[in-house]
Amino acid sequence: MSHRYDETDHESYERPRRRTRPRTKDRPSYDDAVDARVITVDRGRFTLDVDGHRVMAMKSRPIGRKGVVVGDRVRVVGDVSGRDGSLARIVEVTERTTVLRRTADDDDPVERVIVSNADQLVVVTALADPEPRPRLIDRALVAAYDAGMAPLLCLTKADLADPEPLLRTYRSLGVPWVVTQRGDDLSEVRAALQGHTSVLVGHSGVGKSTLVNALVPDAHREVGHVNAVTGRGRHTSTSAYLLALPDHAGWIIDTPGIRSFGLAHVQPERLIEAFPDLDEMTEECPRGCTHGEGEPECELDEALAAGTADPDRVESFRRLLAAREGGQEY
Ligand SMILES: Nc1nc2c(ncn2[C@@H]2O[C@H](COP(=O)(O)OP(=O)(O)OP(=O)(O)O)[C@@H](O)[C@H]2O)c(=O)[nH]1
Ligand SMILES: [Zn+2]
């Protein structure tokens with residue numbers, strides 16, 4: 001008797017499973033999903049890297065409206081060989097280790113996730129043509145600290161100007177740096193990128209593409225390949241893209257040239273953390289001091305008067321703070 005009951009239980013457990021089987025055709029079991037990385041995003045279409053192969057994909061229902069960005073590690077099902085020409089489907093976005101954000105300007109409520117899962121932010125700055133913009137470097141450093149990414153200052157076009165004046169400031173902050181120029185063997189740059197996923201940001205014309213093409217010899221061909229697949233125009237001006245460095249040395253993510261680096265998502269009181277040279281001077285400030293212009297008894301003013309603070313650095317910080325405080329709070 002008890003034996004028969006067992007059998008019945010067993011059967012009633014089995015039957016619904018059999019009935020669900022046809023549905024698993026259009027709703028795949030995600031056990032067969034494979035790992036991939038997002039290389040580029042173009043209007044709802046994603047180019048993925050699956051074990052070194054390029055695969056085109058779209059988001060599928062489980063992802064819903066959640067954004068998928070360059071650098072995301074995803075799980076994907078469907079045509080992951082890319083052979084039968086249909087789109088693979090992204091069914092899961094793995095939790096991001098870092099997120100690099102930027103807003104169009106300092107009071108823009110729309111914050112954009114630029115890329116994810118990068119651990120190093122490479123601030124590419126030309127030594128001349130275009131002139132270096134320390135304010136943009138400082139903003140990028142704020143973004144790096146905010147995102148929990150290590151900064152690297154990459155000074156390009158060393159054939160045109162002496163890096164020393166710029167380096168004097170950033171070396172003293174402990175920001176690692178490399179100096180390069182076209183035709184370089186790039187051994188220092190490669191060493192700094194080794195083992196990292198690095199995002200390259202910089203003003204248009206600083207020589208990022210030149211650098212990327214020298215680092216990844218087939219970068220151009222591969223970009224062309226993506227365009228052939230999507231049938232669309234050049235990606236490079238509008239979207240970030242991820243590239244594997246040769247010899248599994250790491251990954252780089254090139255981003256379009258930026259004009260500004262809006263920081264509406266960073267709390268004003270956290271800005272000082274990206275100015276460690278100034279931050280350590282403010283320990284004796286009155287409680288609640290923002291270290292902005294006109295704050296009573298701010299240690300930064302005393303340091304300026306005593307000549308121990310670099311006026312240019314204080315100005316950079318205070319401009320950023322004023323721009324941020326001028327915007328709305330989010
Ligand atoms: N003198 C000199 N010129 C360089 C060097 N590297 C690049 N250039 C030139 O600078 C210009 C801009 O270089 P790109 O590599 O296109 O710059 P980019 O940062 O990718 O620019 P966007 O694509 O607009 O973001 C080109 O005319 C390059 O030939 C360098 O080391 N020295
Ligand atoms: Zn202060």
Side-chain angles (χ1 to χ4, degrees), residues 17-18 20-100 113-120 147-149 193-200 212 215-232 235-236 239-255:
R17 272 180 59 159
R18 239 179 258 131
T20 62
R21 207 164 273 163
R23 291 190 59 201
T24 60
K25 265 202 156 169
D26 31 272
R27 280 230 263 162
S29 88
Y30 301 135
D31 298 345
D32 57 359
V34 298
D35 294 320
R37 251 187 121 161
V38 179
I39 296 176
T40 63
V41 178
D42 185 12
R43 282 164 280 188
R45 291 288 179 271
F46 304 87
T47 307
L48 310 180
D49 176 286
V50 181
D51 284 336
H53 299 284
R54 285 169 172 262
V55 172
M56 297 298 295
M58 58 189 275
K59 285 198 280 188
S60 80
R61 208 171 298 146
I63 305 290
R65 296 174 60 84
K66 191 175 169 188
V68 175
V69 300
V70 174
D72 270 342
R73 292 174 185 280
V74 296
R75 306 264 299 154
V76 59
V77 298
D79 181 20
V80 292
S81 68
R83 250 177 259 130
D84 72 10
S86 66
L87 290 172
R89 293 186 305 282
I90 299 170
V91 292
E92 191 185 329
V93 180
T94 309
E95 200 181 333
R96 296 166 178 159
T97 56
T98 63
V99 167
L100 180 65
V113 173
I114 310 180
V115 294
S116 68
N117 299 324
D119 60 334
Q120 182 162 256
M149 296 167 65
L193 301 177
Q194 172 74 40
H196 294 285
T197 297
S198 305
V199 189
L200 274 51
V212 168
L215 286 168
V216 186
D218 56 356
H220 257 325
R221 187 170 59 76
E222 291 203 317
V223 171
H225 176 66
V226 174
N227 289 347
V229 169
T230 59
R232 295 205 172 102
H235 267 262
T236 46
S239 170
Y241 66 96
L242 175 91
L243 293 140
L245 290 168
D247 305 324
H248 304 284
W251 300 81
I252 50 176
I253 301 174
D254 195 12
T255 64

Full working for side-chain contact (heavy atoms from CB on, under 4.5 Å) between W251 and L243: CA-CA 6 Å; W251 300 81; L243 293 140; over 6 Å; no
Could you please spell out the steps behind the side-chain contact (heavy atoms from CB on, under 4.5 Å) verdict for D72 and T94? CA-CA 7 Å; D72 270 342; T94 309; over 6 Å; no
Check step by step if side-chain contact (heavy atoms from CB on, under 4.5 Å) holds for V74 and R37. CA-CA 6 Å; V74 296; R37 251 187 121 161; over 6 Å; no
Would N117 and T97 count as a side-chain hydrogen bond (donor to acceptor under 3.5 Å, both in side chains) if you check the C-alpha gap in whole Å, the side-chain angles of each, and the deciding distance to 0.1 Å? CA-CA 5 Å; N117 299 324; T97 56; 3.3 Å; yes
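Looking at heavy atoms from C-beta onward, V77 lies in side-chain contact with Y30 at the 4.5 angstrom threshold. Counting only heavy atoms from C-beta outward, the side chains of R96 and V69 approach each other to under 4.5 Å. Side-chain contact between V76 and V91: absent, with no pair of heavy atoms (C-beta onward) separated by less than 4.5 Å. Two residues are said to be in side-chain contact when any heavy atoms from C-beta on lie closer than 4.5 Å; V93 and R75 fail this criterion. Residues V216 and L245 are in side-chain contact: their nearest non-hydrogen atoms beyond the backbone lie under 4.5 Å apart. At least one side-chain heavy atom of I90 sits under 4.5 Å from a side-chain heavy atom of F46. V212 is listed as a side-chain neighbour of Y241, based on a closest heavy-atom distance under 4.5 Å. Between R45 and M56, the closest side-chain pair of non-hydrogen atoms falls below 4.5 Å.
The closest donor-acceptor contact from the side chain of S198 to the backbone of I252 lies at 3.5 Å or more, if one exists at all. T255 places a side-chain N or O within donor-acceptor distance of the main-chain N or O of L200, the cut-off being under 3.5 Å. Remark: side-chain polar atoms of D49 are paired, donor with acceptor, to backbone N or O of G52 under 3.5 angstrom.
Shown here for R89 and S60, the closest heavy-atom pair between the two residues is CB-CB, 3.8 Å. Residues S116 and G71 share a closest heavy-atom pair of OG-C, 3.3 Å. Here the closest non-hydrogen pair linking L87 and A57 is CD2-N, 4.0 Å. The heavy-atom pair separating V55 from A88 by the smallest distance is CG1-CB, 3.8 Å. Taking all atoms of both residues into account, the shortest heavy-atom contact from D35 to V50 is O-CG1, 4.0 Å. Residues G148 and T98 share a closest heavy-atom pair of O-CG2, 4.2 Å.
Test T40, L100, I39, V115 against I253 for side-chain contact (heavy atoms from CB on, under 4.5 Å) and you get one pass: V115.
Residue D119 holds its CG atom at 5.5 Å from OG1 of T197, rounded to the nearest 0.5 Å.
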